[in-house]
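The block underneath contains the structure these notes are about, expressed in C-alpha cells.
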Number of protein chains: 2
Amino acid sequence: MLDVRRLALLAAVVDTGSMTAAAEQLGYTASAVSQQLRRLEVEAGQPLLHRQARGVRPTEAGALLAGHARHILRRLNAAEADLAELAGLRRGTIALGVFPTVASALLPQVVSRFRRQYPDLRLDVRSTRFDELVELLENGTVGIALLWDYAWNRVDVPDISLTPLLDDPTVLVVAADHRLARKRFTTMSELAGEEWIVRAHDHPVAEVLERSCRAAGFTPKIAFQANDYQEAQAMVSVGLGVALAPRTAVRNPNPDVRVLALGTDVPARRILLAHRQDRLRAPAELAMHQLLVDVAREYQTKP
Amino acid sequence: MLDVRRLALLAAVVDTGSMTAAAEQLGYTASAVSQQLRRLEVEAGQPLLHRQARGVRPTEAGALLAGHARHILRRLNAAEADLAELAGLRRGTIALGVFPTVASALLPQVVSRFRRQYPDLRLDVRSTRFDELVELLENGTVGIALLWDYAWNRVDVPDISLTPLLDDPTVLVVAADHRLARKRFTTMSELAGEEWIVRAHDHPVAEVLERSCRAAGFTPKIAFQANDYQEAQAMVSVGLGVALAPRTAVRNPNPDVRVLALGTDVPARRILLAHRQDRLRAPAELAMHQLLVDVAREYQTKP
DNA sequence: ATGCCCGTGAAGTATTGCTTCACGCTCACA
DNA sequence: TGTGAGCGTGAAGCAATACTTCACGGGCAT
C-alpha cells in the first residue's frame, strides 16, 4: 500500500514546485522531503519528479499520483472534521436508558434542557427494567443508564462505573380523607394499624415496607398488590389502604391522595448514573453525564 | 493527520466484526491490531469500537471513520492501479526528440512499430537541432533523444547516458549522368577534380569533406552551399557538383542522382540514443528505448 | 468443569522517519 | 569572473514506533 504521508508530501511538492518550499510548509527539513520522495519513487517503480535547476516538476506518474493524493487528503480532512463535530457536540447521538418512575419525574426536565443546550445532538431514550438496562449498557446500546438501589442491596456490576445522583426518600401515600391527610410528616410507628397497598412481583418497595414495619415493631397487613404506582395511588385514594412509594414516583400525585414525609429511618431509594468504565467516552456521552448530574443536584435542592 | 494504515485496520475490523479476523486478513497479529486501534481511538479522542464478548461493533464515530477509510482505500487502490497501468504500458506518454535526417529515414519505421506494439501509449515526437535536443532532454521535456556525432567530436553531456545505435556511413551523391554514376563504390582519391556541394552554416558534413579531401591529398572546390540535403541533391542532379551525405539523409534519393558508397576511411556519422541517467526511468521510456535499439539493429543489417 | 476464541498487556526488537551536517550544482548579481 | 544564495542530495546518528512474542483474563460452547 502506498504511504499516504509520502503522497501528501508529493502533493505539496507538486503544488509548490519545490521540495524546500514543501518542506517548510509542512515543517520538515528539505532532506527529509527529498528522502521520502525518493522512497516513493522506488515504491512507484518510476520517477515522479523531474529534477530541474530551479525546483522540480512532476512527471506524468507524479502528476497522476499527486491528483490522487489531493483527493485522499480531502477525505482525511473530512474525517477529521467529522470527529471534531462529534467532539464539539455539533453532531452525534446519545442513547440513554431509564426506568419508568424516573422517566416520568426527572426526564422531562432532562430532555428539554438537553434539547436546548445541544440542539444538534440526537437523543434516544429507552425506558425498561433494571436488568435489561444493565444489559443495554454492557452491549453498548445505551451509553448511559439511570439505575437505582437500596442500602441493603447496592448495585455492583463489573466494569460499570456508578455515580449517585440523588436520594429518593420513601414517602407515605394516604387518601385525602385519611386521618393523617392534614399532616406533612409522620413516622412508621403511627401506622401500625393500617392496611397496606404494595407493588406486585416482589417489587423492592415491598421490602422497604417489610423492613420499616419490622423496625417499628409490627407486621404490615397487605390489602392489595398494584402493578404500578398509578394503580397503587388509585387504591389508596378510595381508602383501601395506605402505601409507601419513592417520592419521585408520586411527584404528580393523584388529586385524591396526600403525600407525607417519613423519617430518615425509612430506607431511601438511591438513583445512580451508570456507564461502562471505558477510558475513552464519547463526547455526547460526557455532555449527557454532566447534564444529568446538574439536573439531579437541582432536583435534590428544590424538589 | 489521522494515520491511514490505522484507518484501514479499522475498516477491516468493522467489516469482519472482529479484530482477530481483521488481523488474520491483513497479516498481523491480533495484538498489533488491538494496539493500533487503541491508538486510533486516542487520536480520535473517542471510542471507535464497542468491545463485546464476541468480537467488536463500531461506535458512531467508528462507523463514520470506517466509511471515510473505505473511500480513502478505494482511492489508494486506484492510484496503485494507475501506476500499474503505466508500468504495464497500458497507459502513458513517451516524448522523443529527433533531428531532421533521422526523422525522415528511421522514424516512420519506429512510429509504426511503436503504434502496433503499444497501442495504448501516447507518442510525442519533436524534431529539432542538436543543442535544443540536449536542452529538451535535460529539462525532461523529452525522455529520449536521438543524437549524432563524428569521431573527432564525440558528444559528451554530463548526466546524459548514451547508447550508440548505428553507424551512418558517408556516401557520395552524383548526378545520374555523372561519369561515376554507374559505379556502386568509389574512393576520395577519384574525386580530386570535382566541384562540391556542401551544407551551409558550418554543417559538420563540410568538415567531413574537408578531412576526407585532405587525407586524399587535395582541397575541395566548393560550388554551392545548400540549406538541407534535399536542396543539395537538387544541385547535384543538375550537375553543379557532387556531394557527401550521411546515408540515412539520402535514403530516398532524388531520381536524378545516384548514391555511391565510399571507403571506411571517410568518417561515418554515429547515431546515438540519449537519455538522462536517472536510476529510475518511466516504463514507457524503457519500452521506447528497447524498440529504438531493435529498429536500429535491423536497419543496420539490411539498410 | 474444560477447552476455545477473543481481546489485552508488557517487554523487546527492528524498522524507519527525521535531523544535523556537509557537499555539489545552478543561477543571479556584483 | 567570481561569489553568494537557493535548491536538491547524501551519510550518519538518534529517537519514535509498529510489530512480534509470550502470557493473561473473560465469556461461550461442548
Side-chain angles (χ1 to χ4, degrees), chain A residues 1-10 12-43 47-59 62 134-135 138-140 157-160 276-280, chain B residues 1-10 12-43 47-59 62 134-135 138-140 157-160 276-280:
Chain A
M1 192 170 70
L2 289 169
D3 186 320
V4 171
R5 303 187 55 228
R6 295 200 185 116
L7 287 182
L9 231 52
L10 174 66
V13 167
V14 169
D15 284 346
T16 61
S18 137
M19 294 203 192
T20 310
E24 203 163 323
Q25 177 179 316
L26 299 176
Y28 295 124
T29 58
S31 183
V33 173
S34 171
Q35 291 173 48
Q36 290 307 307
L37 287 178
R38 189 68 77 188
R39 290 182 161 229
L40 186 60
E41 287 184 315
V42 172
E43 277 189 294
L48 302 175
L49 296 171
H50 283 131
R51 275 76 170 171
Q52 293 172 313
R54 223 51 166 189
V56 297
R57 233 190 33 209
T59 63
V134 173
E135 196 176 313
E138 281 173 331
N139 68 25
V157 191
D159 300 323
I160 297 290
R276 310 201 327 180
Q277 53 189 20
D278 301 323
R279 36 193 134 176
L280 250 42
Chain B
M1 193 168 69
L2 289 169
D3 186 321
V4 171
R5 303 186 56 226
R6 290 203 255 258
L7 286 181
L9 232 52
L10 174 67
V13 168
V14 169
D15 285 345
T16 61
S18 138
M19 294 202 193
T20 311
E24 202 163 322
Q25 178 180 315
L26 299 176
Y28 295 123
T29 58
S31 183
V33 173
S34 171
Q35 291 173 47
Q36 290 307 307
L37 286 178
R38 190 67 77 192
R39 291 188 161 224
L40 186 59
E41 288 183 315
V42 172
E43 278 189 293
L48 303 174
L49 296 171
H50 284 130
R51 274 78 169 172
Q52 292 172 315
R54 222 54 168 186
V56 297
R57 234 190 33 209
T59 63
V134 173
E135 195 177 313
E138 283 174 330
N139 69 26
V157 190
D159 300 321
I160 297 291
R276 308 202 327 181
Q277 53 190 18
D278 300 322
R279 36 193 133 177
L280 250 43

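Lettering of chains follows the sequences in order, A, B, ..., and the numbering in each one begins at 1.
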A:Ser18 side-chain proximity, nearest of C:dA11, C:dC18, D:dG8: D:dG8
Residue pair A:Val33 / A:Ala23: nearest heavy atoms and the distance that separates them: CG2-CB, 3.4 Å
d(CG, A:Leu37; P, D:dT9) in whole Å: 8 Å
Among D:dC19, D:dT9, C:dG17, the one nearest A:Met19 by side-chain distance: D:dT9
Under-4.0 Å side-chain N/O to phosphate OP1/OP2 contact, A:Arg5 with C:dC18: yes
A:Arg51 CZ - C:dT26 C1' separation (whole Å): 16 Å
DNA chain D: 5'-proximal contact among B:Gln36 and A:Asp159 (nearest heavy atom): B:Gln36
Minimum-distance nucleotide (side-chain atoms of A:Ser31 versus C:dG17, C:dT20, C:dG7): C:dT20
First encountered from the 5' end of DNA chain C, between B:Gln52 and A:Ala30: B:Gln52
Closest heavy-atom pair and its distance - B:Val42, A:Leu280: N-CD2, 3.9 Å
Given DNA chain C, 5'-ward residue of the pair B:Arg38 and A:Val33, judged by closest heavy atom: B:Arg38
Nearest-0.5 Å distance that lies between atom CG in A:Asp3 and atom CZ in B:Arg5: 8.0 Å
Between P of D:dT9 and NE2 of A:His50, the distance in whole Å: 13 Å
B:Glu24 CD to D:dT20 P, straight-line distance once rounded to whole Å: 13 Å
Selected nucleotide, minimal atom distance to B:Thr29 side chain, candidates D:dT21, D:dA18, D:dT9: D:dT21
Ion pair A:Arg276/A:Asp278, N-O distance below 4.0 Å: yes
Candidate list B:Glu43, B:Arg38, B:Glu41, test side chain to side chain contact (heavy atoms under 4.5 Å, CB included), partner B:Leu48, passing option: B:Glu41
Whole-Å distance separating the OH atom of B:Tyr28 from the C1' atom of D:dT20: 13 Å
Candidates D:dA12, C:dT8, C:dT16 - which lies nearest the side chain of A:Gln35: D:dA12
Rounded interatomic separation in angstrom, taking CD from B:Glu138 and C1' from C:dC27: 14 Å
Below 4.0 Å: OP1/OP2 of D:dT9 and any side-chain N or O of A:Ser34: yes
Between C1' of C:dG7 and CZ of B:Arg57, the distance in whole Å: 16 Å
Between C1' of C:dT16 and CG of A:Asp3, the distance in whole Å: 11 Å
